[in-house]
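Input: a single structure, listed below in structure tokens.
Values below: all heavy atoms of this structure, side chains included; hydrogens, waters and symmetry mates excluded. The chains referred to below are lettered A, B, ... by the order of the sequence lines, with proteins before strands, and numbering in each begins at 1.
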Amino acid sequence: MSNILLYNTLSRKKELFQAINPPYVGMYVCGPTVYGDAHLGHARPAITFDLLFRYLRYSGFKVRYVRNITDVGHLENDADAGEDKIEKKARLEQLEPMEIVQYYTNNYHLNMAQINVLSPSIEPRASAHIIEQIQLIEKIIHNGFAYAKNGSVYFDVEKYNKSHSYGKLSGRVIDDLQSNTRVLDGQEEKNSAQDFALWKKANPEHIMRWPSKWSDGFPGWHLECTAMSTKYLGDFFDIHGGGMDLLFPHHECEIAQSVAGTGKESVKYWIHNNMITINGQKMGKSLGNFITLNDLFSGNHKLLDQAYSPMTIRFFILQAQYRSTLDFSNEALKAAEKGLERLMKGLNLLSSLKISDISSIDVKALSDKCHEAMNDDINSPILIAHLFDGVRSINSIRDGKDTITATDLESLKTLFNLFITDILGLVTEEKTGQNNELTAKLVELLLNIRVEAKKNKDFISSDKIRDQLTLMGVIIKDTKEGFEWELMN
RNA sequence: GGUCUCUUGGCCGAGUGGUUAGGCAGCGGUCUGCAAAACCGCGUACGGCGGUUCGAAUCCGCCAGAGACCUCCA
């Protein structure tokens, strides 16, 4: 079916992807906690796994892609003393918690659509799966790996580690953890510092609460992913993805929960995307150095020289391999903007190429290279480099320096549409105002007068029209046939 | 402090033993009334010091610097 290599964090090497039940593939990716606008960092996993989703589907797999919305249980601080992120935001904004959840979920969906990220097959909410989480806690308690205390339930890491390996995903040793875990407030309930909460008893002022046999409370953060992934994908599924920062403790805890609950691990391939950095540091909420997607699209942020279109952001992220850090800078984004333009121009040129009896370019070889790049751990930058080689060939054919047959041209069109549009998910963006009929007519009227002036060698008038229009934000390109124009963003 | 990772030409970013990745910027050229745009051409870089090897950006060691995780984070 395919020979896709994927880097599995569990084994620390690239493995041949073999679906558990081909052609079906189950993929679970940790989605956002909806208590703020999505920032550039959130776009990385979304695009990374969107790319994988698209490529797996193209490769013949029927993928069920589950990406959750965390709307409860994600604590602000340590598991005992912390405050629920959603609740905190709700209190600050004087809103019902679910109002916050709805608002930021809507914004997330809008942003994802803007960067052309496909909707997952299922998008479960943690708050809608309390029963499943309670059932899982009961199983874990039944199997002896959790204990209740004062209405809360904690996972017994030490006991689990005696018969299983806690730390196998992140490469941690439990003894190191014990000696190095910082002393935090409110941990007195737990038997051991590294134990984590499965259920938390709610304080009286806590709004988000559900009844359970232990207390009126709410589930722990790590639990939701285990409960929801196995509910929709079964006890053993193919791919679990997320950001590298979730590796420990979140994903480590997921493994422990699933083994403690069902007796076996539930994930075959663990895949992690790396971070987006800014000035060499991770972009994140806690450091306050994040730039939201809305900021990027509007250009309205002190670190931004200009606005960047959603496709520029998408291309910027795709230009780096997902396991590398990617450093934000205006210079890098501008480079991405220009590069994307070049690529899309090449794609558009395909429809106007003249055909010949023979081809001087090798479309099949290009196609093979593109597939090889994607098969090698989804290496999008290599794929893009090959596509740029294709663009050079396309320009060269246009200039008459290379030739292409009708058959090869069809193949090349198919290839470009497949990789650029379907797999990389890059589409041409309409510029705002371009469709305003009156503006278009006025601009064209002026430019036609300018053509007349040029014919009459009245360069003073022609340059005046050009300079004035340029000042107004009309980009003019002179061509053999006359002119082309577009509005500045 | 512990665990792990990274350090590539002006910028971003691929590449794991021997062939020029690619993009942006820059320079040169074609085109143009002049420009702009577009297109074409041009860059032998791999933190430092040793070692292995016929040969290392790529393997090993040491040193320096940066980062991630260890607490919420995509």
Would you say F459(A) stacks on G33(B), if stacking means ring centres under 5.5 Å apart and planes within less than 30 degrees? yes
Tell me whether the OP1 or OP2 atom of A25(B) has a side-chain N or O from K338(A) closer than 4.0 Å. yes
Output the single nucleotide from G22(B), C69(B), C40(B) whose closest atom is nearest the side chain of D389(A). G22(B)
Do any N or O atoms of the protein come closer than 3.5 Å to N or O atoms of nucleotides 34-36 of chain B, and which pairs are they?
unit_1	atom_1	unit_2	atom_2	d
C34(B)	O2	R466(A)	NH2	3.4
C34(B)	N3	R466(A)	NH1	3.0
C34(B)	N4	R466(A)	NH1	3.3
A35(B)	N6	D478(A)	OD2	2.5
A35(B)	N1	R466(A)	NH1	3.3
A35(B)	N1	D478(A)	OD2	3.4
A35(B)	N3	R466(A)	NH1	2.7
A36(B)	N1	D478(A)	N	3.4
A36(B)	N1	D478(A)	O	3.4

Nearest whole angstrom, please: distance from the P of A74(B) to the CD of E224(A). 12 Å
Centre of Y104(A)'s six-membered ring, under 6.0 Å away, within 45 degrees of the axis: is that where NZ or CZ of K89(A) sits? no
H39(A) ring center within less than 6.0 Å of F328(A) ring center: no
Rounded interatomic separation in angstrom, taking CG from N274(A) and C1' from G67(B): 10 Å
Tell me if the centroids of the rings in Y55(A) and H371(A) come within less than 6.0 Å of each other. no
May I ask you to verify if any side-chain N or O of R342(A) is less than 4.0 angstrom from the OP1 or OP2 atom of C39(B)? yes
Please give, in whole Å, the distance from A74(B) C1' to Q281(A) CD? 17 Å
Rounded to whole Å, please give me the gap between CH2 in W485(A) and P in A38(B). 18 Å
Encode nucleotides 8-15 of chain B as B, S and - characters from 5' to 3', where the letter depends on protein heavy atoms closer than 4.0 Å: B to the base, S only to sugar-phosphate, - to neither. ---SSSSS
What is the distance, to the nearest angstrom, from the CZ atom on R398(A) to the P atom on A38(B)? 11 Å
Using only side-chain N and O atoms of R392(A), determine if any of them is under 4.0 Å from OP1 or OP2 of A21(B). no
Check the distance between A25(B)'s P and N330(A)'s CG and give it to me in whole angstrom. 15 Å
With the side chain of L287(A) defined as its heavy atoms from C-beta on, choose the nearest nucleotide among C24(B), A68(B), C69(B). A68(B)
Quick check for you: among C72(B), G33(B), A38(B), whose closest atom lies nearest to any side-chain atom of K85(A)? C72(B)
Starting at atom NZ of K282(A), determine the distance to atom P of C4(B), rounded to an integer number of angstrom. 20 Å
